[in-house]
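First the structure, in the form of structure tokens, and then the observations on it.
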Amino acid sequence: MFRKTLSFDDVLLEPQYSDIVSRSDIDISLDIDTGRSMILPVFAAPMDTIMNAEMATVVYEAGARGVMHRYCTIEQQARVIKDIIAAGAEYEAFAAVGTTGDYMERAYELIRAGAAGICVDVAHGHHSLVKDAVGKLRMNFPAIHIMAGNVATKSGFDMLADAGATSIRVGVGGGSICSTRLQTGHGIPTFQSVLDCASSEFDALLVADGGIKSTGDMVKAFAAGADAVMVGSMLSGTPESPGDVISSDHDGSPVKVYRGMASPEAQIEWRGKYSSNEGVSRTVPLKESAAQVLFEIDKGIRSGLSYSGARTVRELHAKASFVIQTSAGAKESSTHIDS
Ligand code: IMP
């Protein structure tokens with residue numbers, strides 16, 4: 001029979017006894033084998049309406065990391081990495097590559113420019129091309145952090161870990177701007193994928209990616225076994241994100257574009273045509289600064305750990321006690337005052 005899967009909104013964490021008196025007693029840092037630990041285990045997604053040097057810098061200053069997207073020339077992408085390290089000599093950023101064409105040359109140039117890690121960025125990561133690319137990158141760059149993905153299942157996770165990935169992006173079809181499930185009928189709710197992949201014997205880091213819309217979802221992902229999370233929409237619409245502030249067609253309010261990298265709009269802008277249509281382009285309201293968003297994320301995650309009485313992400317995972325909520329429970333769980 002078909003098995004049932006769970007989404008973030010299907011579950012809640014039971015509050016547990018806590019003796020944590022201050023959020024600063026909680027350590028959510030993550031060693032990522034790059035020389036510097038992440039203080040906030042959050043990655044900004046490799047998307048052209050999220051990542052540029054400015055965003056990468058703000059993200060780094062919050063203790064997180066950005067992954068510079070690959071939808072530009074090698075020179076442009078390497079320039080962004082150099083700009084980030086100019087902003088502060090010890091700053092770290094990751095950079096994405098594909099699996100065909102010039103990807104090895106791109107990786108080489110990005111590492112030469114100072115990238116702290118390379119992300120093999122493919123929608124369907126449980127694929128022979130991704131396995132081969134990760135294997136070749138690992139052979140050529142034995143000490144570099146290699147992030148790879150995306151996968152939805154434990155067998156996909158195991159394959160990439162075995163090929164040499166340091167971290168693996170887990171989540172297929174869950175992104176806020178993603179239409180993969182509509183177009184292809186494939187995917188697994190990201191929360192379920194995290195639960196499944198967390199049972200892997202491999203020790204690659206698990207990065208929950210796609211559909212994370214709140215710090216509550218982040219805390220659920222960590223409790224389910226994620227080591228880090230990746231976000232697009234939560235950083236979209238911030239002044240630091242690439243793109244102009246425009247007026248909404250609807251009411252003239254200030255908005256910015258946020259779009260999937262597999263959307264026709266993104267592909268046409270990058271290479272003049274599109275081959276897949278698995279993403280959408282939308283406008284989102286102009287937000288406060290990305291620095292403020294990241295500050296709130298940091299606070300929210302720490303509060304979340306405190307509700308489970310956990311001082312570290314590892315402790316949260318060990319102690320986590322999930323319940324499944326009904327649709328009435330899910331309604332009660334979001335703000336629901338009548339206006
Ligand atoms: P969000 O945080 O829910 O907005 O999801 C961001 C994630 O969506 C990214 O990290 C990618 O994994 C994924 N993504 C980006 N562009 C596309 C697309 O065009 N189609 C499907 N998924 C996408």
Side-chain angles (χ1 to χ4, degrees), residues 7-9 41-51 55-56 59 64-71 94-98 119-127 130 147-152 156-157 160 167-191 193-194 197 206-218 220-221 226 228-238 241-243 256-271 274-285 287 290 293-294 297:
S7 311
F8 288 114
D9 289 345
V42 174
F43 287 95
M47 300 170 75
D48 70 352
T49 48
I50 297 295
M51 275 303 302
M55 180 65 88
V59 161
R65 297 290 184 278
V67 185
M68 178 55 197
H69 69 83
R70 62 188 172 92
Y71 300 92
F94 284 51
V97 299
C119 171
V120 182
D121 171 39
V122 175
H124 181 26
H126 195 178
H127 194 290
V130 183
M147 178 183 279
N150 279 36
V151 298
F157 187 95
L160 295 183
S167 62
I168 298 170
R169 290 165 69 187
V170 171
V172 171
S176 61
I177 35 49
C178 176
S179 55
T180 300
R181 295 182 192 164
L182 293 172
Q183 291 288 340
T184 71
H186 284 69
I188 290 181
T190 300
F191 177 79
S193 289
V194 172
C197 293
L206 195 166
V207 183
D209 176 27
I212 291 170
K213 55 195 176 316
S214 62
T215 48
D217 288 350
M218 291 181 178
K220 291 174 189 177
V229 294
M230 179 172 275
V231 292
S233 79
M234 286 181 76
L235 290 169
S236 69
T238 54
S241 66
K256 292 186 84 164
V257 170
Y258 176 49
R259 65 189 181 189
M261 294 317 300
S263 66
E265 290 86 347
Q267 291 174 69
I268 287 169
E269 189 170 320
W270 155 229
R271 52 183 176 161
Y274 70 97
S275 54
S276 63
N277 181 0
E278 291 183 25
V280 297
S281 177
R282 295 283 183 272
T283 53
V284 294
K287 285 189 194 142
V293 171
L294 289 159
I297 287 176

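Note that the structure is a prediction, hence the values are computed from the model and not measured. We count residues from 1, following the sequence as given. All ligand and atom numbering here is 1-based and tracks the order in the structure.
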For Ala123, which part has a heavy atom under 4.0 Å from ligand 1: side chain, backbone, both, or neither? neither
Taking only heavy atoms of Gly211, which atoms of ligand 1 are found under 4.0 Å from at least one of them? 1 (P), 3 (O)
Atom 19 (O) of ligand 1: the protein heavy-atom neighbour that sits closest, reported with distance to 0.1 Å: Ala262 N, 2.6 Å
Any luck finding a side-chain donor-acceptor pair between Lys256 and Ser236 under 3.5 Å? no
Side chains of Glu278 and Thr180: is there a donor and an acceptor less than 3.5 Å apart? yes
What protein heavy atom sits nearest atom 9 (C) of ligand 1, and how far away is it? Asp209 OD1, 3.5 Å
Taken to the nearest 0.5 Å, the spacing of Met68 CE from Ile50 CD1 works out to 12.0 Å
Angle between ring planes, His69 versus Tyr71, binned at 30° and 60°: parallel, tilted or perpendicular? parallel
Counting from 1 in the order shown, the ligand 1 atoms closer than 4.0 Å to a non-hydrogen atom of Thr180 are 21 (C)
Give me the nearest non-hydrogen protein atom to atom 2 (O) of ligand 1 as residue plus atom name, then the distance to 0.1 Å. Gly232 N, 2.8 Å
For ligand 1, which atoms have a heavy atom of Val231 less than 4.0 angstrom away? 2 (O)
Indicate the atoms forming the closest heavy-atom contact of Val207 with Ser167, along with that distance. CG2-CB, 4.1 Å
the protein heavy atom lying closest to atom 21 (C) of ligand 1 turns out to be Cys178 SG, 3.0 Å
Is atom 13 (C) of ligand 1 less than 4.0 angstrom from some protein heavy atom? no
Nearest non-hydrogen partners of Ser233 and Tyr258, listed with the distance: N-OH, 3.1 Å
Close-contact set for ligand 1 against Glu278 heavy atoms, below 4.0 Å: 18 (C), 19 (O), 20 (N), 21 (C)
Which atoms of ligand 1 sit under 4.0 Å from any heavy atom of Ser176? 1 (P), 3 (O), 4 (O), 5 (O)
Strictly distance-based, threshold 3.5 Å: is any side-chain N or O of Ser179 a donor or acceptor partner for the main-chain N or O of Gly279? yes
Quick test: of every protein heavy atom, which one is nearest to atom 23 (C) of ligand 1, and how far off is it to 0.1 Å? Ile177 CD1, 3.8 Å
Taking only heavy atoms of Met230 into account, list the atoms of ligand 1 that are under 4.0 Å away from them. 10 (O)
Which residue supplies the protein heavy atom nearest to atom 5 (O) of ligand 1, what is that atom called, and how far is it? Gly175 CA, 3.5 Å
How far is atom 6 (C) of ligand 1 from its nearest protein heavy atom, and which residue and atom is that? Tyr258 OH, 3.8 Å
Within this structure, what is the CE-CE distance for the pair Met47 and Met230, rounded to the nearest 0.5 Å? 10.0 Å
Contact atoms of ligand 1, heavy-atom distance to Ser233 under 4.0 Å: 1 (P), 2 (O), 4 (O)
Should we count CD of Gln183 as having more than 12 external heavy atoms under 6.0 Å? yes
Identity of the nearest option to atom 11 (C) of ligand 1, non-hydrogen atoms only, from Met261, Met47, Arg169: Arg169
Under a 4.0 Å threshold between the charged nitrogen and the carboxylate oxygen, would Arg259 count as salt-bridged to Glu269? yes
Taking only heavy atoms of Ser263, which atoms of ligand 1 are found under 4.0 Å from at least one of them? 19 (O)
Taking Asn150 as the fixed residue, which of His124, Arg169, His126 is the one that meets the side chain to side chain donor-acceptor pair (under 3.5 Å) rule? Arg169
For Asn150, which part has a heavy atom under 4.0 Å from ligand 1: side chain, backbone, both, or neither? side chain
Euclidean distance, Arg70 CZ relative to Cys119 SG, rounded to 0.5 Å: 9.0 Å
